[in-house]
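Notes to accompany the following structure.
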Amino acid sequence: MIELIAFDADDTLWPNESYFFQSQKEYARLMSVYGSKEEILERLHNTQMKNLGKYGYGIKAYTLSMIDNALEISSNNLSGEITAQILELGTAMITKPVTPLENVALVLERLSKSHQLITITKGDLLDQNRKMERSGLQKYFSEVIVVSEKDNDTYQEILDQRNVTAEKFLMVGNSMKSDILPVLNIGGYGAYVPFEFTWQHERVNEPVKHEKLFELKEMQELLNLKFFN
């Protein structure tokens with residue numbers, strides 16, 4: 001029997017990565033004098049990876065990396081106008097509407113009547129809490145937990161603090177790397193619900209097979225799992 005169900009936030013409860021993809025197109029256009037779209041975005045990704053330890057995840061971290069990368073590829077010759085436009089790309093993402101993905105509210109309403117639901121997500125604390133509030137989904141969750149990284153130790157610590165064994169824990173998310181594999185590693189269950197866009201850093205190239213892994217096409221299929229019937 002499952003006692004605790006955790007949901008990832010971005011691209012599981014509401015869209016997020018699609019906004020990053022759009023901003024990257026605009027960023028590559030702004031910086032096109034310094035290289036092709038592919039070259040600019042590859043260097044931006046490398047800058048993000050370099051800065052993860054300093055800035056973490058989320059829109060603010062991404063915006064700082066855009067500016068950092070722009071300064072580097074322009075040899076610190078970035079105009080104030082371009083800097084302002086890069087900042088605006090980040091601001092526009094923060095102010096995007098937060099609309100739950102299809103059937104998410106229905107599933108949360110059903111499951112919240114019989115199970116404790118929490119959110120475990122990476123990113124900026126203020127931004128994630130703000131998105132949860134704007135989404136209208138907060139009422140279904142007992143906790144919103146924002147972590148700096150999702151790994152075996154993080155999940156185990158969360159479970160230990162709540163006196164829940166891994167065998168009674170289900171994690172639902174769109175990232176096989178961050179949401180699913182660490183939970184399977186510690187003995188929990190994972191429900192993988194892919195989103196149309198996946199950040200390069202979150203991709204897993206090899207197929208994953210596991211007796212405690214459920215691969216779903218969309219969120220409503222969660223209700224058909226053996227735990228809930």
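Checked against side-chain hydrogen bond (donor to acceptor under 3.5 Å, both in side chains), Asn129 has no partners two or more places apart in sequence or in another chain. Residues that satisfy the salt bridge (charged side-chain N to carboxylate O under 4.0 Å, His left out) test with Lys50, not counting sequence neighbours, are Asp68. Among residues two or more places apart in sequence or in another chain, the salt bridge (charged side-chain N to carboxylate O under 4.0 Å, His left out) test is passed with Glu215 by none. Partners of Lys60 by salt bridge (charged side-chain N to carboxylate O under 4.0 Å, His left out), not counting sequence neighbours, listed by chain and number: Asp124. Remark: His210 engages no residue in a ring pair (Phe, Tyr, Trp, His ring centres under 6.0 Å) (not counting sequence neighbours).
How far CG of Leu108 is from CG of Leu13: 6.0 Å, rounded to the nearest 0.5 Å.
No side-chain donor from either of Ser175 and Tyr192 sits under 3.5 Å from a side-chain acceptor of the other. A donor atom on one side chain and an acceptor atom on the other are found under 3.5 Å apart for Gln116 and Ser142. At a cut-off of 3.5 Å, with distance as the only test, no side-chain donor of Ser74 or Asn77 sits close to an acceptor on the other residue.
Between Asp10 and Lys131, at least one side-chain N (NZ, or NE/NH1/NH2) sits under 4.0 Å from a carboxylate O, which counts as a salt bridge.
More than 12 heavy atoms of other residues, nucleotides or ligands sit less than 6.0 Å from atom NZ of Lys177. Taking a 6.0 Å sphere around CZ of Arg110, one finds it holds 12 or fewer heavy atoms contributed by other residues, nucleotides or ligands. Heavy-atom contacts from other residues, nucleotides or ligands closer than 6.0 Å to NZ of Lys209 number 12 or fewer. Annotation: Glu196, atom CD; neighbour count of heavy atoms from other residues, nucleotides and ligands within 6.0 Å is above 12.
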Worked check of salt bridge (Lys or Arg N to Asp or Glu O under 4.0 Å) between Arg29 and Glu26: CA-CA 5 Å; Arg29 181 185 61 79; Glu26 293 299 316; 3.1 Å; yes

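What you find for Val104 and Thr12 is that their closest heavy atoms are CG2-O, 3.6 Å.
Between Ile186 and Leu159, some side-chain heavy-atom pair lies under the 4.5 Å cut-off.
Listed by first then second residue, pairs satisfying ring-ring contact (aromatic ring centres under 6.0 Å, His included) with a partner in residues 150-191 read Tyr189-Phe227, not counting sequence neighbours.
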